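What follows is one structure encoded as structure tokens, with my remarks underneath.
The model shown is predicted, which means the values in this text are computed figures rather than measured ones. The basis for the numbers below is simple: all heavy atoms, side chains too, and nothing from hydrogens, waters or symmetry mates. When a residue number appears, it is its place in the shown sequence, counting from 1.
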Amino acid sequence: MIEYPFNLQGRQESFSGSGHKESEITKSKEFSLTQGVIIAEIEHHGDGDFKLEFVPAEGFGKGVAIAAKVVGKTITNIWAPVDSKGKLNTHAISQVKKDFLTRAIAQAKEYKGNFLVPGKYRIEVTSQDRWICRFIQPDLGQSSVTLKDQECDFIEDGDAGVHILGPLKAGSKPVHVRIGYSGRGKFYAAAYSVDGTHQCLVYKEEGQFQIEPHPTKIKPGKEYILYISADGAWNLQLIEVY
């Protein structure tokens, strides 16, 4: 499977900073995001506050105000993968999708109203310490694992953290999942299509559990990146059903 920093093909960027005194924000140069998925690796090497945001450089557009009125909450296309304190080494993932307004209204409650659309962005960071942010928008056609005619197993015996796996390609049949989890906190797994057109929850639950084949909304024929957040050992098996 993929190990990061990225050995995928695709548009990559890397930004870093040494921090500023409190209340000062570090701003990166502008960069472009296109339709697809974005995977970020983020490090923070201090004990203080750390906030990192992907901020559109071209304004929000009319869609934000309309979406906020319909769903009764604030909708923005600012992505804030990190807003925490202390040392950090983690990964984050998000879709970049053209139909921002439709998706914002449909998914605002589940995804908290943070959406990326194609366009120009910059990174804005609040920190007094050293930080690094690397990200990639991977190209299609790099699947290292296929679910067609085989079972797909992932195992993690390590500590709490975020795991990003793939890309993998679904075959022509519906996909089910088996999961075993020995942590005591939350387990969360989601799938993001590399082309940016589909995102779905795979499974979430709190506390130790074992589930037998459970249906997912992973679509046949698409390439996916799996995002898994857990605080203990887990195993996950993807199965095509016939």
Flag side-chain contact, heavy atom, 4.5 Å: [X] against [Y]:
X    : Y    : result
I38  : W79  : yes
V162 : I228 : no
I179 : N235 : no
P138 : V37  : yes
F50  : L88  : yes

> Can you list the steps and then say if L116 with Q95 is a side-chain contact (heavy atoms from CB on, under 4.5 Å)?
Replying inline: CA-CA 7 Å; L116 294 174; Q95 277 182 305; over 6 Å; no
Who passes salt bridge (charged side-chain N to carboxylate O under 4.0 Å, His left out) against [X], sequence neighbours left out?
X   : value
D49 : none
E53 : K51
K85 : none

I'd like to know if the side chain of [X] reaches the main chain of [Y], judged simply by a donor and an acceptor atom lying under 3.5 Å from each other, with no hydrogens or angles considered.
X    : Y    : result
E223 : G141 : yes
S28  : I123 : yes
Q142 : Q9   : yes

Please enumerate all residues that pass side chain to side chain donor-acceptor pair (under 3.5 Å) together with [X], with sequence neighbours excluded.
X    : value
H45  : E43
R122 : E124
H198 : Y224
T197 : D195, K222

> When you check the gap from the basic side-chain N to the acidic O, do K186 and E206 get nearer than 4.0 Å?
Replying inline: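 Here K186 does not pair with E206 in a salt bridge, since their nearest N and O are not under 4.0 Å apart.
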Which atom pairs, one a donor and one an acceptor, fall under 3.5 Å between side chains of residues 208-221 and the rest of the protein, sequence neighbours left out?
from	atom 1	to	atom 2	distance (Å)
Q208	NE2	S182	O	3.2
T216	OG1	V175	O	2.8
T216	OG1	I218	N	3.2

> Looking at residues at least two apart in the chain, or sitting in another chain, which of them share a side-chain contact (heavy atoms from CB on, under 4.5 Å) with Q128?
Replying inline: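 Testing Q128 for side-chain contact (heavy atoms from CB on, under 4.5 Å), a comparison that skips the adjacent residues, returns E22.
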>> For a quick test of reading the model, state the closest non-hydrogen atom pair linking I78 to P56 and the distance between them.
In response: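 Residues I78 and P56, closest heavy atoms: CG1-CD, 3.8 Å.
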> Do you know the tightest heavy-atom contact between S143 and K169?
Replying inline: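 Closest approach of S143 to K169: OG-CB, 3.5 Å.
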>> I'd like to know whether Q137 forms a side-chain contact (heavy atoms from CB on, under 4.5 Å) with Q35, so could you lay out the CA-CA distance, the side-chain angles of the two residues, the decisive distance to 0.1 Å, and finally the verdict.
In response: CA-CA 9 Å; Q137 287 203 276; Q35 168 94 13; over 6 Å; no
>> Can you confirm if the aromatic rings of Y188 and Y203 lie within a centre distance of less than 6.0 Å?
In response: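 No, they do not, as the ring centres are separated by 6.0 Å or more.
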> For E205, does the CD atom sit with more than 12 other heavy atoms under 6.0 Å from it, leaving out its own atoms?
Replying inline: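 Enclosed.
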